[in-house]
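All values reported here derive from a predicted model rather than from experimental measurement. Whatever order the structure lists ligands and atoms in, that order sets their numbers, starting from 1.
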Amino acid sequence: MNAFTLNTATHAENAAHDIASVLHPFTNLATHPQVGPFMIARGDGVYVEDDQGHRYLEAMSALWCASLGFSNERLAKAGSDALRTLPYYHTFNGRSNAAAIALAEKLLAMAPVPMSKVFFANSGSEANDTAVKLVWYYHNAIGKPAKKKIIARKNAYHGVTVAAASLSGLISNHRDFDLPIDRILHVDCPHHWRYAEAGESEEDFATRLADSLEKRILEEGPETVGAFIAEPVMGAGGVIVPPATYFEKIQKVLAKYDVLLIADEVICGFCRTGEMFGSTTYGMKPDILTSAKALSSGYVPISAVLVNDRVHAAVAANSGKIGTFGHGFTYSGHPVACAIALETLKVYEDEKILAHVQSLVPQFQQGLQRFAARPFVGEVRGVGFIGAIELVPDPAKRTAFDPAKKAGARLAQLALEQGLIVRALADAVAFCPPLIMTPVQVDEMFERFDRAMTRFEAEQA
Ligand code: PMP
């Protein structure tokens, strides 16, 4: 095989070189050599194009990221300007740069609850690992060294680094990685359709989950429980929208036992739920908030951890005792990433993206709901500009398809053949479109999906 040359290779050459050289995340590595890569070559607005010239409407913003689509000129310019001004510097030992300061200020001004400081990292996983370490450091700082357990939820997704994967409540993130680590607990998944008892209302289900959380905290010993982490809407676990009154009731329990709340806004942040943050949509009052993805529209890796004054004051005092806050990444506050993220937030403001999303929500949610009556649809769920359609063999029974059938993946493949990228999360097919979609594109998305669904239905016969 000749050496790979960027952009001049055919699809067959791309595939051969990919198979020979790339270890893919979240991929069946044993079958990848036969399946081969799906290679995206370029982006244009809400569309992407593969290496054979096929164009797709990207209804997942790739990995819940590209909120401003795939060709925003302002972000490209902000990046190239930043590269020419200061391509790299760090923020250790009190070093700083203008982009990091401006971005931190902007985030504090936008935060859904009063926050005191912003810590920068490069990914959602790093942000959540940072949150875990802050919880531990904080409780040492305030003289409660036993208060270290962190409660997460089954089906949560918080990333793949050692602590973040442990917080995640998905078996494939744990199995054979010897995870989760100790001091991480998982409580009930708040999926009403799947886990409520017959006739149980959303409110009663939420009460039951809050009671069960309280019971668990008492069993563990409240003096050992440091924090609770939650995505406002669970993303990779299947776009699980919390039942009515859930966070209100959960937060009452947390307050009673002095348990910190970490909001993982990695997907929900920046207009996705129809508010600037999912915390606003659900009345969450986090002590620590993690964000990434739409923070830079996915254009560069960056994440941010916002901490409130209570946490920051204790952490700062403790670092004074030790002589340093011994945590940080080489790329924390990277000037190019911060400049692009800052520009992203300015675009949200200048182009009134939140109001635009709010205007699209009824069309988007009604478009999804129209699939509720289809023969293999168990549940249609969503909020704001995110949603999912759950496939089942018989909606009256709610039992799942045989996992070996890979029903969700099959529907996603049929959508791809219609020029539409959606994502299968087990048998839920997720939608998380770029926030810049037009009403015409929203219709086009559902028309393509409808054709895929019709073929899926025909295959079940
Ligand atoms: N938290 C949530 C809610 C996520 O959806 C993700 C990624 N999908 C992460 C954390 C991890 O982010 P990353 O892949 O950037 O580490």
Side-chain angles (χ1 to χ4, degrees), residues 24-27 58 60-67 119-134 150 152-170 172-174 177 179-180 184 186 189-191 227-242 247 261-273 277-279 281-282 284 286 288-306 329 331-332 334 337 340-341 344 383-388 421-426 428 430-432:
H24 284 269
F26 285 97
T27 298
E58 230 306 354
M60 271 301 292
S61 307
L63 272 181
W64 334 82
C65 275
S67 48
F119 175 88
F120 292 113
N122 310 286
S123 66
S125 300
E126 287 179 1
N128 286 328
D129 265 51
T130 297
V132 167
K133 289 179 72 180
L134 282 168
I150 300 187
R153 301 171 304 164
K154 293 172 189 156
N155 283 333
Y157 185 77
H158 298 293
V160 295
T161 44
V162 171
S166 297
L167 296 172
S168 294
L170 298 166
S172 58
N173 299 139
H174 297 161
F177 289 112
L179 296 173
I184 307 275
H186 292 94
C189 170
H191 189 179
F228 180 88
I229 182 166
E231 301 154 83
V233 176
M234 288 178 150
V239 188
I240 312 296
V241 178
F247 279 113
L261 175 63
I262 306 165
D264 178 343
E265 294 262 11
V266 167
I267 286 179
C268 293
F270 310 108
C271 314
R272 183 54 64 188
T273 60
F277 289 93
S279 292
T281 302
Y282 295 110
M284 294 168 73
I288 300 176
L289 182 155
T290 57
S291 67
K293 295 190 189 275
L295 171 57
S296 66
S297 188
Y299 281 32
V300 278
I302 182 167
S303 59
V305 183
L306 279 61
F329 301 100
Y331 306 116
S332 287
H334 193 292
I340 293 176
T344 306
V383 63
F385 216 42
I386 184 169
I421 296 181
V422 290
R423 179 153 175 232
L425 304 164
F431 293 77
C432 182

- Query: Regarding T161 and E126, is there a side-chain donor-to-acceptor distance under 3.5 Å anywhere?
  - Reply: no
- Under the 3.5 angstrom rule, does the side chain of D129 hit a backbone N or O of A164 as a donor-acceptor pair? yes
- Please check if atom OH in Y299 has more than 12 non-hydrogen atoms from other residues, nucleotides or ligands closer than 6.0 Å. yes
- What atoms of ligand 1 come within less than 4.0 Å of a heavy atom belonging to I267? 5 (O)
- Note on the structure: Note: ligand 1 atoms sitting under 4.0 Å from heavy atoms of S123 are 15 (O), 16 (O)
- State whether the shortest distance between N or O atoms of S125 and N or O atoms of ligand 1 falls below 3.5 angstrom. yes
- Contact with ligand 1 for K293, non-hydrogen, under 4.0 angstrom: yes
- Query: Which class fits the ring pair F247 and Y282: parallel under 30°, tilted 30 to 60°, perpendicular over 60°?
  - Reply: tilted
- Task: Return the option from G124, A121, G235, C432 holding the heavy atom at the smallest distance from atom 13 (P) of ligand 1.
- Result: G124
- Task: Would you mind telling me if ligand 1 is within reach of the side chain of E231, the backbone, both or neither, using heavy atoms under 4.0 Å?
- Result: side chain
- Message: Distance under 4.0 Å to a non-hydrogen atom of N128: what atoms of ligand 1 satisfy this?
- Response: 1 (N), 10 (C)
- Item | S61 (side chain) donor-acceptor with S67 (main chain) under 3.5 angstrom | no
- Task: Tell me which protein heavy atom sits closest to atom 1 (N) of ligand 1, plus the residue, atom name and distance to 0.1 Å.
- Result: D264 OD2, 2.7 Å
- Message: Measuring centre to centre across the rings, with the benzene-like ring taken for any Trp, is F270 within less than 6.0 Å of F277?
- Response: yes
